[in-house]
Amino acid sequence: MSTYTHAVFIAPVINILISILYNGYQNSSTEDTDHNYYTSKTYGPTDPMSKDLWVNVDQMDKEKVKIHGILSNTHRQAARVNLSFDFPFYGHFLRDLTVATGGFIYTGDVVHRMLTATQYIAPLMANFDPSVSRNSTVIYFDNGTALVVQWDHVHLQDSYNLGSFTFQATLHSDGRIVFAYKEIPIEVAQISSVNHPVKVGLSDAFVVVHRIQQIPNVRRRTIYEYHRVELTKTKITNSTAVEMMPLPTCLQFTSCSSCISSQINFNCSWCHRLRRCSSGFDRHRQDWVDNSCPDEVNIVMTNIFLTLYNSSLSLFLSLPLSLFLSVSLSASLSLSLFSTDDTKIALHLKDNGAMPKESSAERKGTHPLHTGLILGILMVMLIMAATVLVTVYIYHHPTSAASLFFIERRPSRWPAMKFRRGSGHPAYAEVEPVGQEKEGFIESEQC
């Protein structure tokens, strides 16, 4: 048998072995991702950690395990659950949460109709309807150090025939969050988001209250999402799990010295009035601004403009004088080409030597004028370039202090208020807004 024949038979075997090894590696490997506030690890179906992270509710204390009757028999419903421990979420300690039938937990203090917009813990947010099946339940229990919420055998309302989903979210007292998945009949990316958003991850926001001067006793509350963790949906299959560990935040420091000397991923500042350490981006944003706490908005804006000004000034001063003379001379020639007919006649007379005295006087007077004009044009161009750079910086950093500086001072012109009433997003009946208040939502852009 020739070498070519051996290669023909061996090549498919090698490809199969490589495919098996690769798929096994993909299923058992962990993915460590840094999200600024959290770091996440994804465990595949064959990884032992996937089984260890799944909490078997049947083996828990039956007195603590609760099957929520309302959530288990309704669609788009939410209910408050009180915790027996302080749960740190983005550095904030929470004592009560809102569990929704749509596969997520709402963590905000301000309740509104569009709970899916932000401030959520979503193992698998989708249009689940527990009322379509008697086997569908929403279970939760609190053992004093962890809260487990399980969506058990829930179906998609608009795709009942696809099968049931079983997954859970576990919130630990140390801030660790675990998403565990037991039954995922289809790929998460194939779930329709027409009637309900489909999200997997975390989100937090701060609330800003604005008074409307034209209408007395009416306030506008706007929720700004300052961070979001978006997990990879393709990694979510049967018997998988995601573990998210909280990273240090400025809120954990309780003294001025520890706050200022902190070396974490945030620029921490200490507010003497509130006796609080913060980066300016947390749920206490409005208190931070109202109490005139050290706000990095002005510092960032000043540094940006000073940097642009110093760089442009140094560039301006570093240019050789011959360049300005050549630019001035070329500008003079270009201006003469676009002058009026009378000027052309005068130049013709100058060339013939008819106006020697006037020409010398004009030459002395025109050079300073053109030099000043060129300098003015250069300064205008530098200012325009600085404005463009600042605009680009703010556009690509929507959660930076500079962008919030403009956003908070022009609330009526916000272009991203997408989630107002009647916008088509799901309304959870138990948390309808009361009174004459309007809500707006701004989502942070993800790079």
Side-chain angles (χ1 to χ4, degrees), residues 35-38 40 76 78 80-81 87-94 96-127 149 169 171 175 177 179 193 195-210 219-231 233 244 246 249 251 278-288 397-400 403-404 407-408 411 414-428 430-433 437-447:
H35 306 283
N36 294 331
Y37 289 87
Y38 288 86
S40 65
R76 288 185 181 177
R80 282 282 182 175
V81 175
F87 171 65
F89 184 67
Y90 280 89
H92 308 90
F93 290 97
L94 307 180
D96 53 358
L97 303 168
T98 302
V99 179
T101 56
F104 68 98
I105 302 171
Y106 176 70
T107 63
D109 297 327
V110 180
V111 293
H112 47 80
R113 298 177 65 193
M114 285 72 72
L115 298 187
T116 61
T118 183
Q119 294 184 301
Y120 55 76
I121 300 173
L124 182 52
M125 180 190 296
N127 192 22
V149 180
L171 315 182
I177 301 174
F179 295 162
S193 60
N195 298 320
H196 196 290
V198 179
K199 301 178 183 179
V200 180
L202 310 175
S203 171
D204 199 25
F206 58 80
V207 181
V208 179
V209 180
H210 304 279
R219 298 180 301 171
R220 182 193 302 276
R221 291 188 298 190
T222 303
I223 303 177
Y224 188 96
E225 183 186 56
Y226 63 88
H227 188 262
R228 182 192 301 180
V229 175
E230 292 183 337
L231 300 178
K233 297 179 181 178
M244 286 167 283
T249 63
L251 296 174
S278 175
S279 63
F281 302 100
D282 52 51
R283 297 194 177 192
H284 308 297
R285 169 72 181 179
Q286 187 163 12
D287 292 339
W288 189 262
H397 299 79
T399 58
S400 64
S403 61
L404 292 178
I407 289 175
E408 291 178 350
W414 289 356
M417 299 181 68
K418 307 174 183 177
F419 303 101
R420 295 201 179 189
R421 300 178 186 178
S423 61
H425 284 257
Y428 282 79
E430 191 171 323
V431 288
E432 288 285 340
E437 295 183 349
K438 297 181 179 180
E439 300 87 12
F441 305 90
I442 291 184
E443 289 186 301
S444 63
E445 296 184 4
Q446 303 295 313
C447 299

K.L.:
Atom CG of Leu202 and atom CD1 of Ile177: how far apart are they, to the nearest 0.5 Å?
P.N.:
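Interatomic distance, Leu202 CG to Ile177 CD1, rounded to 0.5 Å: 4.5 Å.
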
K.L.:
Please report the shortest heavy-atom distance between Val111 and Arg221, naming the atom on each side.
P.N.:
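Answer, listing the atom of Val111 first, then Arg221: O-NH2, 4.4 Å.
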
K.L.:
Compare all side-chain heavy atoms of Val207 with those of Arg285 and state whether any distance is below 4.5 angstrom.
P.N.:
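Contact flag for Val207/Arg285 side chains = no.
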
K.L.:
Quick one: pull up CH2 in Trp288 and CZ in Phe281 and give me the separation to the nearest 0.5 Å.
P.N.:
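Here the interatomic distance stands at 11.0 Å.
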
K.L.:
Is the closest side-chain donor-acceptor distance between His196 and Thr116 under 3.5 Å?
P.N.:
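Their side chains do not contain a donor-acceptor pair, so the 3.5 Å distance test is not met.
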
K.L.:
When rounded to the nearest 0.5 angstrom, what is the spacing between OH in Tyr90 and OG1 in Thr107?
P.N.:
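The OG1 atom of Thr107 is 9.0 Å from OH of Tyr90, to the nearest 0.5 Å.
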
K.L.:
Show the numbers, then the answer: is there a side chain to side chain contact (heavy atoms under 4.5 Å, CB included) between Leu94 and Arg283?
P.N.:
CA-CA 12 Å; Leu94 307 180; Arg283 297 194 177 192; 3.7 Å; yes

K.L.:
Work out which heavy atom in Pro88 is nearest to a heavy atom in Phe93; give both atom names and the distance.
P.N.:
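For Pro88 and Phe93, the tightest heavy-atom pair comes out as CB-CE2, 3.9 Å.
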
K.L.:
Can you give me the closest heavy-atom contact between Gly91 and Leu251, atom names plus distance?
P.N.:
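Result for this residue pair: O-CD1, 3.6 Å.
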
K.L.:
Which pair of heavy atoms, one from His35 and one from Glu230, lies closest together, and at what distance?
P.N.:
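Looking at all heavy atoms of both residues, the closest pair is CE1-O, 4.4 Å.
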
K.L.:
Is the side chain of Lys199 donor-acceptor paired with the backbone N or O of Phe104 at a distance under 3.5 Å, no angle test?
P.N.:
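Not at all, since once roles are kept as given, no pair shorter than 3.5 Å links the two residues.
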
K.L.:
Could you tell me whether the side chain of Phe87 reaches within less than 4.5 Å of the side chain of Ile121, counting heavy atoms only?
P.N.:
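Contact flag for Ile121/Phe87 side chains = yes.
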
K.L.:
Is there a side-chain contact between Leu231 and Phe179 in this structure, where contact means two heavy atoms from C-beta onward sitting under 4.5 Å apart?
P.N.:
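Yes, close enough: below the 4.5 Å cut-off.
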
K.L.:
Check whether any side-chain N or O of Thr101 sits under 3.5 Å from a backbone N or O of Arg76 as a donor-acceptor pair, and report yes or no.
P.N.:
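The answer is yes, because a donor-acceptor pair under 3.5 Å joins these two groups.
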
K.L.:
Between Met244 and Tyr37, is there a side-chain heavy-atom distance shorter than 4.5 Å?
P.N.:
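Side chain of Tyr37 against side chain of Met244, heavy atoms only: no contact under 4.5 Å found.
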
K.L.:
Are Asp109 and His92 close enough that some pair of their side-chain heavy atoms sits under 4.5 Å apart?
P.N.:
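Asp109 vs His92: side chains apart.
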
K.L.:
Side-chain contact, heavy-atom cut-off 4.5 Å: Asp204 with Phe89?
P.N.:
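They are in contact (side-chain heavy atoms under 4.5 Å apart), so the answer is yes.
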
K.L.:
Any non-hydrogen side-chain atom of Thr249 less than 4.5 Å from a side-chain atom of Asp282?
P.N.:
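The answer is no, as the side chains (C-beta and beyond) never meet within the 4.5 Å cut-off.
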
K.L.:
Hey, are the side chains of Leu171 and Leu97 touching, using non-hydrogen atoms and a 4.5 Å cut-off?
P.N.:
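Yes. Closest side-chain heavy atoms under 4.5 Å.
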
K.L.:
Can any side-chain N or O of Glu225 pair as donor or acceptor with the backbone N or O of Ser203 at less than 3.5 Å?
P.N.:
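Side chain of Glu225 to backbone of Ser203, a donor-acceptor pair under 3.5 Å: no, none is there.
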
K.L.:
So which atom in Val200 and which in Pro123 form the shortest heavy-atom distance, rounded to 0.1 Å?
P.N.:
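Nearest heavy atoms, Val200 then Pro123: CG1-O, 3.5 Å.
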
K.L.:
Ignoring hydrogens, what is the shortest heavy-atom contact between Gly175 and Pro246? Give both atom names and the distance.
P.N.:
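The answer is O-CD, 3.6 Å.
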
K.L.:
Quick check for you: to the nearest 0.5 Å, what is the distance between Gln119 atom CD and Tyr106 atom OH?
P.N.:
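Those atoms lie 4.5 Å apart.
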
